[in-house]
Every structure is written in C-alpha cells, then in structure tokens.
Participant: 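Here it is, the structure in full.
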Amino acid sequence: MAVPNVWSLNMSSDHDRGPNSEIEWLDLSYTNDTSTSPSTFLLKDRRVPVHLDDIVNGGKYQSIVKLFYRYAGQNPAENNGTWAIGTGWLIRPDLLVAAGHCVYDTTSQFGRISEINVYLGYHGKNALDSGGVQFRRGSKVATSLSWLASKDNKMNDLAVVKLEKPFFGVTPFKFMSTPMTGTAEIGVVGYPGDMVTNGEQGALMHELFMTVSFDRSKSDLHMLEYPITTFAGQCGSPVLAVTADGLVPIAIHTYWSLSNSSGTAIGDPELFANRLEDYISLIDGEATSVSFHIHPGTAHAPVAPIGQRVESSLYEDDEERFMDVLKLIAGITHRPRYSILGSAPITSMGPVGAILAPLASVAFNAADKAIKPSRQPGSDTCSVGGLSDSGAAKRAILGEAALSAVLRLERDTLQETDIFGDMRMYFRKNSKLAKMVSPIISKTLLEPALRISLDISREQEEKLQIFQDGRMPRRSVSLRRPLSGEISDNFGGREQARDFVRGLVEEPTLVLPGAEGFFDSIFEVITTGISTVPSFGHDIALIVEATDGASSERAEDAEPDIAAKSFHILGQRAAMGEAALQTLMKQDISFLSRRDMEGWDGEPVSIFDVMKEVIQTVGPKVLKAVPIVVNAVIPVAEGLASRRSRS
C-alpha cells in the first residue's frame, strides 16, 4: 500500500560523494525573520566552531551529520551543481532526524527531495578523505502529512531519513520529549550556511548554548522557542539540553533567526508534539499511518524533567563493559603498583603493554593509510616518515601517558571530576573499532613484541638489582628542566588543545634517569601528538565490515589464538588511552598541574608530571618499533582491500 508521506530516494546519482569544487549552495531560507546573516550583523556573533575532536571518534557530537539535498523539481540544466544543505542527527545507526521542509520544499516549489547525501564527521569538502569521515546515501524518507498539506503547519515540520546502510561505530542520540515549560541550558549545534571556511559555506559545525526559560503553551503553534542565533543550513539540528545524562535532544531545530529561533516539539501528540516512534514505524514498514504505537528498540529515552537523570540499561551495559576493560588493563580495584621501568602501571601484560598499546594505534593508522585510494600497492606513502609526520605514533604515546596519569588518581578525585564518565563516552566508538580490526592485524605485533620484551628484560635486570639494593636514585626539584620549542598555532582554533599543550610544555619537566637523550624530543611528541586526529582504524574497519561480515560471525564461535587475544587487549588499551587523553584535555589546567600525587620516589608530582615521565619511558621504544609495525601492516591491509575489490 502506497503511503503519500513516505517515498524512496535515488541512490544512483553521478554525484558520487556529494560536494565538490563546483557545488553551489541552494538557500531555501525557512526563517522566522528576514534579517541579514548573524555573522555580518552588528551584534556580536557568539556561535563558535566545534572542536574536531567532538565530531569524530566518539566525540559528543559524532551523531550530528551534514546533509546535502537535491529535489525532484530542480531544473538539471540550471541546477546541476546545486545542492541544498542541512543538518540532521542519528537516532539509529541507519536512521536520522531532519527538518520536514528540507525533504519537501515549498519556498522554491522544488517539492520532494530526490536524493540526499549524508556525512558523519564532516569538516569541509577538502577533508572528505580524512580519518573519521563516513559517507552514506539516504534510501527512504518519511515526513508529516500535515507538513505536505501546508507550509503553515510548522508544528509538524519534521522528517526521518533511512540510510542505505548503517554508519559504523556510532552511538546514536537518545532523545526525550519536549517539555511544555521549564528553564534549562540548551543549544543548537549544526552547519550554518553563513559561516564560510576556505570558500565553502557551512563547512564547519558550530554551536551556541545558553540558559533559556520557555513556555510552549504561550506559543501559537506550541513550538519550542529560544533566543539562540541560527542560520540556514542548521535546520534539522538537534536542540540539545544539558542534563545529568549529558546532551539530550529535546526538539528539532526548524526555523532560524537572529533572536528567536524555534524547534518542532517531539513527544506525545496530546501535548502538541510529534511522536518520533510513529515515523520510525512508518519508514520501517511496520505501520501505514501515524499511530500511537511505540516502536520497540528505538533510541528513545524515558521522559524525565530536564536535569533529572534518565535511567537506561544501555548506559549500564556500557559502564559495565568500560569498567571491565579498565580492571583488565590496570586492576583499578586496588591502588596501582608501579613498574621499575617508570610510572606506568603494571598491567596484565606488564611494562610491555605500555609500549605495545601505542603500537596497536600505529597499526590501525597504518592500515588506514595503506588502503587510501591515492596509494598504489607497493608505494611507500605509509613509510615510517609519512606516519611520523602524521603524528599517529606521537598521539598514541600521549594516550598511554594520559591513561597512566588517570590511573594514578585517588578514588575521591575520580568521583569528584567524573573523569571515568567522560572517558566512557570517548571509549565507546574506538573500542568497537579496535574490536573489529584487532583480529585482522593481530600477528603484525608479534615481532616487535618479542624485540621489546627482550630489550626490557635486559634493562630490568640491571634496574631490578639497583632497586633491591636500595640504590634507586631519588628525584629532586633540581632535576626539573624547561622544554624548548615554540608552540605554533596548528590546533584548528581549539583553545582547549592549545592550553593543554601550553600547560604540558611550560611546566618544568622532571628528567628521568637514563632518558636524557630523549628529553629534547618531548616537545615534538606533545605538540605533534595533540594536533593530530587519529583515524583509529576507521577506514580498514569499513572494509572488514564489508568483506568479513559473515566470516567474522563464524570466527566469534571459534576459539581465537593467543596473538588475537593479546592484540584485542592492546587494542582496548589503546582505545582507553585515547579516551583518557581527550578527557584530560578538557580539564582545568590548574587541576592538571597540581602536585598532589606522590611519585614512586616520594616527590610530589602532577598529572602533567606523570604524563611526561611516561612519554620519556615509552616514547623511544615506541618510535623505534614503528617501522617494524608499519612494514608488517601494509601487506595485510592491501590484501584485505584487494579481496574487497574482487568481491
């Protein structure tokens, strides 16, 4: 039975990846006023670009996507290179929420959309091949019959779009019903078309949050109204409320304005809202009309007042898995012990694990580089030089250093700062990527593991004897030295990242005995590592997903070999390190530089101190082993890509 407000989309367009250098932006301008762009208005524009870390690899905005629309009513001769832009947000890996007027246009009389290209992690058309960016096409759309009937029915301006296949490794938003009245800190996060970067309109995601008091009963259409500056291109964005559970969508941003934007309410129709579950059932083919049926298994959160914690078994399961991995890595149920190699905690793999975990990240990144379309088999674009320049190894070293520092914190400090809560959010996506890719390239770490184990054994024989004889030299303040180097502005406008680097670099650094030769490299490890966004095996995981889906399911039933088991642990540890690094980067510098922990030699140390000790400890060994790992990973990744091309 045909349903007029549900239709299939074209997925065979010649525009294979959406935007290119010839694409023009089509302004459909559904607005509450006729003012000029906020970015050229006399009032101060308080919208800020979103940090790249927040839109990729487990970032808090990873489920906000950039949309490119084309319409059935467009004239191909006049509008061949023209796309409308918008924003959407994922409620399932294969399902997103958008504005109704973006899928059915009345302003320009273009009618229904005929195709839609969707990007996760989008930060400009020149960065489509960078790590973390995923592309999907829309396959089907459902919108409101009320919106199709009249553009005056703004209160029903909404749509859901089904994708050709799910996004990989994403954690969709859990939405809640739009409150009728209240006061809350809310924000709109999306891609405003008036913001131009490198000649592209709406290239970067922007955000603006503020405390808002609202009363939908006083709105003519019972929409959610908020004095947040928005612009065309942001329609379809989530209206996010800051709650105890984090950021939760409470409405769909649909009408932009300099001073009084508005959003479509979601929830119970009897409370003048739109039940998203009904549209999910409609697009899934489980219903032929909007009803009160609640679709099972959707990303719907129980309704609760803003600010009250929403209980969810999903979060409980995530927390349990997160804590299990932490316990496996460092035995955090007890105060960590420390290896004689430095301040890295002793884990189930000993000091070797502190070096192999960063090398696992290196392997993930090298595999991604090996399958880039621009790379020909047998070329050296994945050589150690190229990898070192990309910062992957240095980023991984910082991740291990951050993890070691977090595991040194007292339980009370962890509870007060909720560091584990933030880490869990970042850990989710990278953990899934690591789990998928680890079995494919597990054996590539066998040779470096053996070499590193032998080197550490030789070093420990001497250090252990010194330790047992009580001759371990004590550190003192006199052993602190400043790091030399100029901090360049290569952090993409990320103030927190720049401040974090400045804090690490400007605080005098403890010099570890035996690490004097690496001291001058610490500055480069810090600055290059922080400015790098790791791919974490994203691209190779997509190939694994496409080529090894069935075989992976069969493999789960089989007993994995020792190498696969070990590498899985290292992959999870690498994911945990990246989560720790991103979490610490958001902490106050005063907290990170406070010397209220006791070092293994009895001297007071800070989080920054611990990180730089670990950099000196594991850094030289990681960088030395990079060529071995890269040379072993490249043929494995190329072989996997070749299998996909033949299938």
Side-chain angles (χ1 to χ4, degrees), residues 17-21 23 25 39 47-69 83-90 96 116-136 167-171 173 187-208 230-238 240 247 365 368-369 372-374 390-392 395 426 429-430 433 489-498 529-539 542 578 582 585-586:
R17 288 293 299 273
N20 55 50
S21 59
I23 290 299
W25 174 49
S39 62
R47 294 172 298 169
V48 295
V50 169
H51 295 165
L52 185 57
D53 289 343
D54 288 332
I55 69 173
V56 296
N57 290 340
K60 60 184 176 182
Y61 300 139
Q62 64 166 331
S63 289
I64 300 176
V65 293
K66 178 67 176 284
L67 307 178
F68 290 85
Y69 302 95
W83 295 71
I85 62 172
T87 304
W89 43 285
L90 298 171
L96 64 89
I116 177 173
N117 290 335
V118 184
Y119 290 85
L120 184 150
Y122 188 90
H123 53 287
K125 62 187 179 183
N126 296 324
L128 295 182
D129 293 325
S130 64
V133 179
Q134 296 187 53
F135 168 72
R136 297 288 188 272
F167 279 112
F168 175 74
V170 68
T171 302
F173 277 116
V188 177
V189 185
Y191 291 90
D194 64 314
M195 293 296 192
V196 181
T197 305
N198 296 325
E200 179 184 357
Q201 295 172 295
L204 300 181
M205 189 184 297
H206 283 67
E207 63 180 331
L208 176 57
T230 57
F231 197 73
Q234 287 180 282
C235 292
S237 299
L240 297 170
L247 298 173
N365 189 75
D368 273 357
K369 278 179 167 279
K372 290 294 184 185
S374 60
S390 74
R395 177 78 177 203
Y426 291 117
K429 182 177 180 180
N430 288 343
L433 291 171
D489 188 14
N490 62 341
F491 302 105
R494 296 178 296 159
E495 294 294 335
Q496 285 181 313
R498 186 184 295 107
I530 293 297
S531 62
T532 299
V533 177
S535 67
F536 225 90
H538 168 269
D539 294 332
L542 294 178
E578 176 63 24
Q582 293 198 38
M585 287 172 63
K586 296 181 181 298

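Residue numbers start at 1 and run along the sequence shown. Nothing here was measured: the structure is a model prediction, and the numbers come from that model.
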Participant: Does any part of the side chain of Gln134, heavy atoms only, come nearer than 4.5 Å to the side chain of Val65, both counted from C-beta?
Facilitator: no
Participant: Can you list the steps and then say if Phe173 with Ile64 is a side-chain contact (heavy atoms from CB on, under 4.5 Å)?
Facilitator: CA-CA 9 Å; Phe173 277 116; Ile64 300 176; 3.6 Å; yes
Participant: Do Tyr426 and Lys586 make a side-chain contact, defined as non-hydrogen atoms from C-beta onward lying under 4.5 Å apart?
Facilitator: yes
Participant: Are side-chain heavy atoms of Ile85 and Phe68 found at a separation under 4.5 Å?
Facilitator: yes
Participant: So, does Tyr61 use its side chain to make a donor-acceptor pair with the main chain of Glu207 at under 3.5 Å?
Facilitator: no
Participant: Please give me the minimum heavy-atom distance between Gly193 and Gln201, naming the atom from each residue.
Facilitator: O-CB, 3.2 Å
Participant: Minimum heavy-atom separation for Ala392 to Thr532, with atom names?
Facilitator: N-CG2, 4.2 Å
Participant: Are the side chains of Val189 and Leu247 in touch, meaning some heavy atoms are under 4.5 Å apart?
Facilitator: no
Participant: So, do Leu120 and Leu90 sit near enough that their side-chain heavy atoms are less than 4.5 Å apart?
Facilitator: yes
Participant: Flag the pair Met585 / His51 as yes when at least one side-chain heavy-atom distance between them is below 4.5 Å, and no otherwise.
Facilitator: no
Participant: Between Arg47 and Asp194, is the side-chain contact (heavy atoms from CB on, under 4.5 Å) condition met? List the steps.
Facilitator: CA-CA 11 Å; Arg47 294 172 298 169; Asp194 64 314; 2.7 Å; yes
Participant: For a 4.5 angstrom cut-off between non-hydrogen side-chain atoms, does Arg395 reach Glu578?
Facilitator: yes
Participant: Verify, without hydrogens or angle tests, whether Thr87 (side chain) and Gly233 (backbone) share a donor-acceptor contact under 3.5 angstrom.
Facilitator: yes
Participant: Would you confirm whether Gln234, through its side chain, and Phe231, through its main-chain N or O, come within 3.5 Å as a donor-acceptor pair?
Facilitator: yes
